[in-house]
Trainee: 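So that we are looking at the same thing, I have put the structure below in structure tokens.
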Amino acid sequence: MLDAEGQLIGNAYHYRDSRTDGIVEQAFKLVDKDEMFRITGIQFMQINTIFQLYSMVLKNSPSLKYAKTLLFTPDLFNYLLTGIKSTEYTIASTSQMLDANKKIWAKDMLKNLNIPTDILTDIVKPGTNIGTIQKSVADELDIDQTPVISVASHDTGSAVVSVPAQEDDYIYLSSGTWSLMGIESSQPIINDNALKYNFTNEGGFNDKIRFLKNITGLWIIQECRRAWIKAGENIGFGEMGELAAKATPFKCFIDTEHPTFATPGDMPQKIQDFCSKTGQYIPQSKGEIVRCVLESLAFRYKWVVNKLEEINHKQFPVLHIIGGGVQDKLLCQFTANATKKHVITGPIEATAIGNILVQLMTLGEVSNLSQAREIVRSSFPTKEYSPVDQDSWDEAYNEYLNIVK
């Protein structure tokens, strides 16, 4: 939030802050759920900006009262560099405040929630040359007033640019703290099944739609490690993976999307509590806990793949995994086993690479997205995984579905 002088009004909130607890249901009292999805095409999550703002409305937030401009974090960086206020399309699309088809602010819907619309700025596409670095900034750093280019500023928006795909029909999985699994589409996919399965239509580069599902990813593993380190046991991700590989398979599963796993806390204890409440074996060792999480994630990926193929009425033979999560080789193999897909992993630094490629395309150094992806294929290593032991994974998947239904 910026005031009338263009200064920040206060600190940002973390999106996992508890202020949005229960807000989604309250918003549906003013805007029908089906109508909100029909307009925005966005998956319902309490972290979405529309619910952040509505929580401020309900609390009569002074920040909202005095705000003259709303900028998303990447747009704030661009403003501080250039002095120009604008909103980049891909980050705006994730807010659930944008009309997915018209690609403009859904102002009538926002007004129904009493969210002020005069604080919103013009929307620019990724690959727009916003302006140049302000003279005061350039002088302080002793640099030229360099052009500032608006990239696909939602991290997954940039990451998908770097998918080293040669085929048109493929599924991508951006793997990190979050897992985002989906396809690229020329148009929003807004229908009853997309709503039923809570899929999302987020903006992408080159006027593409990222039709995907947000999945709780390696956050759960990260929180387990944090809890163990806090308890005085210094353990790395590599060691955690080695312990999981040695653990007995398919002893217990968790619903990775259960609200209990979305917030910080003693994650190993939360996993044990979930297994206890669902009448399963309670994992004891670190290896058992980590394996439980990784197998459950792989099965969640399988569920999403099945729904993607159902909604789109086609099969996708290849799954590209990008991002830091590709370094978890055990999870990549589990994903191939569970989904029965040919899995290609890499690059690791997908978001940074996609960011650079958008800038190069804007500057004319790279001609198009096809050439950009060819550069990725020739510049960064990939690793391939084929499914194994499929019968065991199919049998275990049925057990998993009984737990998460």
Trainee: Can you run down the salt bridge (charged side-chain N to carboxylate O under 4.0 Å, His left out) pairs that involve residues 370-391, sequence neighbours left out, and say none if there aren't any?
Mentor: Glu184-Arg373

Trainee: Is Asn191 reaching over with its side chain to a backbone N or O of Asn193, donor-acceptor style, under 3.5 angstrom?
Mentor: yes

Trainee: Under the 3.5 angstrom rule, does the side chain of Gln96 hit a backbone N or O of Asn48 as a donor-acceptor pair?
Mentor: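 No; judged by distance alone, with no hydrogens or angles, the pair does not exist.
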
Trainee: Between Trp219 and Thr263, which heavy-atom pair has the shortest distance, and what is it?
Mentor: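 Heavy atoms of Trp219 and Thr263 come nearest at CZ2-C, 3.7 Å.
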
Trainee: Rounded to the nearest 0.5 Å, what's the gap from CG on Leu319 to OG1 on Thr339? Could you check?
Mentor: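 Reported to 0.5 Å precision, the distance equals 5.5 Å.
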
Trainee: Testing the basics here: between Asn198 and Gln43, what is the closest heavy-atom pair and its distance to 0.1 Å?
Mentor: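 Heavy atoms of Asn198 and Gln43 come nearest at O-CG, 3.1 Å.
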
Trainee: Looking at CG of Asn101 and CD1 of Ile104, how far apart are the two atoms once the value is rounded to the nearest 0.5 Å?
Mentor: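 Going from the CG atom of Asn101 to the CD1 atom of Ile104 covers 10.5 Å.
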
Trainee: Parallel, tilted or perpendicular: which one describes the rings of Tyr170 and His320, with boundaries at 30° and 60°?
Mentor: perpendicular

Trainee: Could you note down all residue pairs passing salt bridge (charged side-chain N to carboxylate O under 4.0 Å, His left out) where residues 36-45 supplies at least one of them, sequence neighbours left out?
Mentor: Glu35-Arg38

Trainee: Does Tyr281 have more than 12 heavy atoms from other residues, nucleotides or ligands lying within 6.0 Å of its OH?
Mentor: yes

Trainee: Strictly distance-based, threshold 3.5 Å: is any side-chain N or O of Gln327 a donor or acceptor partner for the main-chain N or O of Ile348?
Mentor: no

Trainee: With side chain to side chain donor-acceptor pair (under 3.5 Å) as the test, would you mind laying out the steps for Gln333 and Asn337 before giving the verdict?
Mentor: CA-CA 6 Å; Gln333 184 62 62; Asn337 297 347; 2.8 Å; yes

Trainee: Would you indicate whether Glu349, at its atom CD, is surrounded by more than 12 heavy atoms from other residues, nucleotides or ligands within a distance under 6.0 Å?
Mentor: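 Incorrect, the count does not exceed 12.
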
Trainee: Measure the spacing between OG of Ser370 and CD1 of Ile375 and express it to the nearest 0.5 Å.
Mentor: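 Going from the OG atom of Ser370 to the CD1 atom of Ile375 covers 10.0 Å.
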
Trainee: Got a salt bridge between Lys107 and Asp99, using NZ or NE/NH1/NH2 to carboxylate O under 4.0 Å?
Mentor: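 Between Asp99 and Lys107 there is no salt bridge, as every charged N stays at least 4.0 Å from the carboxylate O atoms.
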
Trainee: Minimum heavy-atom separation for Val124 and Ser150, please, with both atom names.
Mentor: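 Where Val124 meets Ser150 most closely, the heavy atoms are CG2-OG, 3.9 Å.
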
Trainee: Quick check: are there more than 12 heavy atoms from other residues, nucleotides or ligands sitting under 6.0 Å from NZ of Lys68?
Mentor: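 12 or below, so no.
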
Trainee: Determine whether a donor-acceptor pair (N or O, by modelled atom type, separation under 3.5 Å) exists between the side chain of Gln134 and the backbone of Val137.
Mentor: no

Trainee: So, the side chain of Ser158 versus the backbone of Asp155: is there a donor-acceptor pair under 3.5 Å, distance only?
Mentor: no

Trainee: Show every donor-acceptor pair shorter than 3.5 Å between a side-chain atom in residues 51-60 and any protein atom, with sequence neighbours excluded, or say none if there are none.
Mentor:
| unit_1 | atom_1 | unit_2 | atom_2 | d |
| --- | --- | --- | --- | --- |
| Gln52 | OE1 | Arg19 | NE | 3.1 |
| Gln52 | OE1 | Arg19 | NH2 | 3.0 |
| Gln52 | NE2 | Ile47 | O | 3.2 |
| Ser55 | OG | Gln52 | O | 2.6 |

Trainee: What pairs with Phe334 under ring-ring contact (aromatic ring centres under 6.0 Å, His included), at least two apart in sequence or on another chain?
Mentor: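 Here the qualifying residues are Trp393.
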
Trainee: Using a 3.5 Å distance criterion without hydrogens, assess whether the side chain of Gln284 forms a donor-acceptor pair with backbone atoms of Ile282.
Mentor: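 Answer holds: yes.
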
Trainee: List in chain and number order the residues that pass ring-ring contact (aromatic ring centres under 6.0 Å, His included) with Tyr197, two or more places apart in sequence or in another chain; answer none if no residue qualifies.
Mentor: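 ring-ring contact (aromatic ring centres under 6.0 Å, His included) list for Tyr197, sorted by chain: Trp303.
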
Trainee: Should we count CG of Asp118 as having more than 12 external heavy atoms under 6.0 Å?
Mentor: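 Enclosed.
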
Trainee: Work out which heavy atom in Pro283 is nearest to a heavy atom in Ile271; give both atom names and the distance.
Mentor: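 For Pro283 and Ile271, the tightest heavy-atom pair comes out as CG-CG2, 4.2 Å.
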
Trainee: Decide if atom OH of Tyr13 counts as having more than 12 heavy atoms of other residues, nucleotides or ligands within a radius under 6.0 Å.
Mentor: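 Count not over threshold, so no.
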
Trainee: Which atoms form the tightest heavy-atom contact between Cys252 and Cys292, and what is the distance?
Mentor: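 Scanning both residues, the minimum pair turns out to be O-SG, 3.6 Å.
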
Trainee: Which atom names give the shortest non-hydrogen contact between Leu330 and Ala244, and what distance separates them?
Mentor: CD2-CB, 3.8 Å

Trainee: Does Gln272 offer a backbone N or O that forms a donor-acceptor pair with the side chain of Ser276 under 3.5 Å?
Mentor: no

Trainee: How about CD on Glu167, more than 12 heavy atoms from neighbouring residues, nucleotides or ligands closer than 6.0 Å, or not?
Mentor: yes

Trainee: To the nearest 0.5 Å, tell me how far Glu233 CD sits from Trp228 CH2.
Mentor: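 Answer rounded to 0.5 Å: 8.5 Å.
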
Trainee: Name all residues meeting the side chain to side chain donor-acceptor pair (under 3.5 Å) criterion together with Asp108; count only those two or more places apart in sequence or in a different chain, and write none if there are none.
Mentor: none

Trainee: Got a donor-acceptor contact below 3.5 angstrom from the Ser296 side chain to the Ile254 backbone?
Mentor: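 The answer is yes, because a donor-acceptor pair under 3.5 Å joins these two groups.
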
Trainee: How would you list, by chain and number, every residue that makes a ring-ring contact (aromatic ring centres under 6.0 Å, His included) with Tyr397, sequence neighbours excluded?
Mentor: Phe299, Tyr400

Trainee: Is the CG atom of Asn368 crowded by more than 12 outside heavy atoms at less than 6.0 Å?
Mentor: yes

Trainee: Would Ile221 and Val290 count as a side chain to side chain contact (heavy atoms under 4.5 Å, CB included) here? Give the steps.
Mentor: CA-CA 7 Å; Ile221 295 293; Val290 174; 3.9 Å; yes

Trainee: Run the side chain to side chain contact (heavy atoms under 4.5 Å, CB included) check on Leu297 and Ile220 step by step: do they pass?
Mentor: CA-CA 10 Å; Leu297 266 179; Ile220 298 176; 5.9 Å; no

Trainee: Mark yes when over 12 heavy atoms from residues, nucleotides or ligands other than Asn398 sit less than 6.0 Å from its CG; otherwise mark no.
Mentor: yes

Trainee: For Gln46 and Thr20, which I'm curious about, is there any donor-acceptor pair between the side chains at under 3.5 Å?
Mentor: yes

Trainee: As an exercise, state the distance from CG of Leu81 to OG1 of Thr132, rounded to the nearest 0.5 Å.
Mentor: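 Spacing of CG (Leu81) from OG1 (Thr132) equals 10.5 Å.
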
Trainee: Under the ring-ring contact (aromatic ring centres under 6.0 Å, His included) rule, collect the residues that match up with Phe44, sequence neighbours excluded.
Mentor: Phe28

Trainee: Given 3.5 Å as the limit, does a donor-acceptor pair link the side chain of Thr121 with the main chain of Thr87, or not?
Mentor: yes

Trainee: Got a sec, which residues hit side chain to side chain donor-acceptor pair (under 3.5 Å) with Lys230, two or more places apart in sequence or on another chain?
Mentor: none

Trainee: So how far is it from Thr146 OG1 to Ile133 CD1, rounded to the nearest 0.5 Å?
Mentor: 4.0 Å

Trainee: For the pair Lys270 and Glu223, find out whether any cationic side-chain nitrogen is under 4.0 Å from an anionic carboxylate oxygen.
Mentor: no

Trainee: Is a donor from one side chain sitting under 3.5 angstrom from an acceptor on the other, for Gln269 and Asp273?
Mentor: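 Checked: Gln269/Asp273 side chains pair up, N/O donor to acceptor below 3.5 Å.
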
Trainee: Which residues pass the side chain to side chain donor-acceptor pair (under 3.5 Å) test with Asp75, sequence neighbours left out?
Mentor: none

Trainee: Asn201 side chain to Ile189 main-chain N or O, any donor-acceptor pair under 3.5 Å?
Mentor: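 A pair under 3.5 Å: yes.
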
Trainee: What pairs of residues pass the side chain to side chain donor-acceptor pair (under 3.5 Å) test when at least one of them lies in residues 234-253, not counting sequence neighbours?
Mentor: none

Trainee: Which residue pairs pass the salt bridge (charged side-chain N to carboxylate O under 4.0 Å, His left out) test when at least one of the two sits in residues 318-343, sequence neighbours left out?
Mentor: Glu309-Lys341, Lys340-Asp394

